[in-house]
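Chain A is the first sequence line, chain B the second, and so forth, proteins listed ahead of strands; every chain is numbered from 1. All of these numbers come straight from a predicted model, not from anything done at the bench.
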Number of protein chains: 2
Amino acid sequence: MSDLLRRLRARGWRLTAQRRVIAEVLDGEHVHYTADEVHARAVELLPEISRASVYNTLGELVTLGEVIEVNTDGRVRRYDPNAHEAHQHLVCSGCGAIRDVRLTDDPLSALPEGERFGFHVAQVTVTYYGRCPRCVAANSAPGQAGSPVV
Amino acid sequence: MSDLLRRLRARGWRLTAQRRVIAEVLDGEHVHYTADEVHARAVELLPEISRASVYNTLGELVTLGEVIEVNTDGRVRRYDPNAHEAHQHLVCSGCGAIRDVRLTDDPLSALPEGERFGFHVAQVTVTYYGRCPRCVAANSAPGQAGSPVV
DNA sequence: TCTTGACTTGGACTGAGTCCAATATAGGAT
DNA sequence: ATCCTATATTGGACTCAGTCCAAGTCAAGA
């Protein structure tokens, strides 16, 4: 049983076939799937799993802090299983590829007290946009450099 | 005629009634409207304006760099007319209020060369999340502290 | 093995955003 | 001032991600 499943178990989750399968999909490579991509991969392991269960489970994993919700294009939400290491994202504006990146400084320190307006600031997300080597080489229009790793 | 309209004119834009009205809506306070909010306000000035025109025009303004597209909740896109001053955003996770903030350091400098993976990095967005004073006071659940300024 | 509350399901629904063919018009040409 | 046409607008249909719900299923504690 994966670490993730063990932790979920410890939190009182009922370990259903659906949740196991979703955990397995997320446990693989550190990619950033959309809910529908998770569903597509889950269906290969458990053909009868529903979209609703995937949405429910992903939402719960986000609430528990086991998975991070990421939105790099203003359209689709993606799910990042790399929730236990502080990191940010680097996105290719050509093909949409997403890479996890680690920063040298805590971005919170760049927001001076005078710019906080009394907010209790709790979290920061930083997203870098640029062109990946393949898209630079191909000088391609959006989405034309083949399927990226997101 | 506003500066914005003058610049658009200089770029060869046809100045239609619809575009004037949208520019007027955006010219007001520095808020972050959704496309439908822009439409609602535009309708007050020009009742027959269509949603399609609002979407078209906002998209073109974003392409021209006159307006910035912002997505702070992973759901709706918002439009920020404050495109000519570098800034980032501070978002209340209680009520969704958005404030423009200026940082002390260029966030690009926090991404070391070794974390760029050959990307030609061109842009960064930083979004801070926390609770605004009103929501802290009200200790409210999301959306329960009245209508915020977004 | 039984029981029950938590979980899953499919399908209807919502809401943001896109697309398109028909119509209207800004603004340069005459 | 009028004409002409490329450009812009329109409404309505459509897409797609995500939500909701009532009915059925099942994990796991008793």
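Distance, B/L61 CG to D/dA8 P: 12 Å, rounded to whole Å. In this structure, the CZ atom of B/R19 is 6 Å from the C1' atom of D/dA8, given to the nearest Å. A/R11 places its CZ atom 14 Å from the P atom of C/dC7, with the value rounded to the nearest Å. Separating the CG atom of B/L58 from the P atom of C/dT18 is a distance of 10 Å, rounded to the nearest angstrom. In this entry the distance linking CD of B/E37 with P of C/dG17 reads 11 Å, nearest Å. Atom CD in B/E60 sits about 12 Å away from atom P in C/dT18, given to the nearest Å.
Residues passing the ring-ring contact (aromatic ring centres under 6.0 Å, His included) test with B/H89 are B/H32, B/H87, sequence neighbours excluded. Under the side chain to side chain donor-acceptor pair (under 3.5 Å) criterion, B/S50 pairs with B/S53, not counting sequence neighbours. Take B/V124 and apply the side-chain contact (heavy atoms from CB on, under 4.5 Å) test, not counting sequence neighbours, and it matches A/V126, A/Y128, B/P107, B/L108, B/V126. The side-chain contact (heavy atoms from CB on, under 4.5 Å) check on A/E24 picks up A/L45, with sequence neighbours excluded. Residues passing the salt bridge (charged side-chain N to carboxylate O under 4.0 Å, His left out) test with B/R7, sequence neighbours excluded: B/E66. With sequence neighbours excluded, no residue forms a side-chain contact (heavy atoms from CB on, under 4.5 Å) with A/T63.
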Could you walk me through whether B/L61 and B/Y79 satisfy the side chain to side chain contact (heavy atoms under 4.5 Å, CB included) test, starting with their C-alpha distance in whole Å, then the side-chain angles of each, then the deciding distance to 0.1 Å, before giving a yes or no?
CA-CA 10 Å; B/L61 289 170; B/Y79 294 88; over 6 Å; no

Collect all protein-nucleotide pairs involving nucleotides 10-12 of chain D in which both atoms are nitrogen or oxygen and the distance is under 3.5 Å.
residue: D/dT10; atom: OP1; partner: B/Q18; partner atom: NE2; Å: 3.1
residue: D/dT10; atom: OP1; partner: B/E48; partner atom: O; Å: 3.0
residue: D/dT10; atom: OP2; partner: B/S50; partner atom: N; Å: 3.0
residue: D/dT10; atom: OP2; partner: B/S50; partner atom: OG; Å: 3.0
residue: D/dT10; atom: OP2; partner: B/S53; partner atom: OG; Å: 2.6

What N/O pairs connect the protein and nucleotides 26-30 of chain D at under 3.5 Å? Give each pair on its own line.
residue: D/dC26; atom: O2; partner: A/R14; partner atom: NH2; Å: 2.9
residue: D/dA27; atom: O4'; partner: A/R14; partner atom: NE; Å: 3.3
residue: D/dA27; atom: O4'; partner: A/R14; partner atom: NH2; Å: 3.3
residue: D/dA28; atom: OP1; partner: A/L15; partner atom: N; Å: 3.0

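Among pairs with a residue in residues 103-117 of chain A, those fulfilling salt bridge (charged side-chain N to carboxylate O under 4.0 Å, His left out) read A/E115-B/R102, at least two apart in sequence or across chains. Among pairs with a residue in residues 40-54 of chain B, those fulfilling salt bridge (charged side-chain N to carboxylate O under 4.0 Å, His left out) read B/D36-B/R51, at least two apart in sequence or across chains. Listed by first then second residue, pairs satisfying salt bridge (charged side-chain N to carboxylate O under 4.0 Å, His left out) with a partner in residues 87-101 of chain B number zero, not counting sequence neighbours.
At least one side-chain nitrogen or oxygen of A/Y55 sits closer than 4.0 Å to the OP1 or OP2 atom of D/dG18.
Of the residues in residues 73-80 of chain A, none lies under 4.0 Å from DNA chain C by heavy-atom distance.
Atoms CD1 and CG, from A/I98 and A/D73 in turn, are 7.5 Å apart once rounded to the nearest 0.5 Å.
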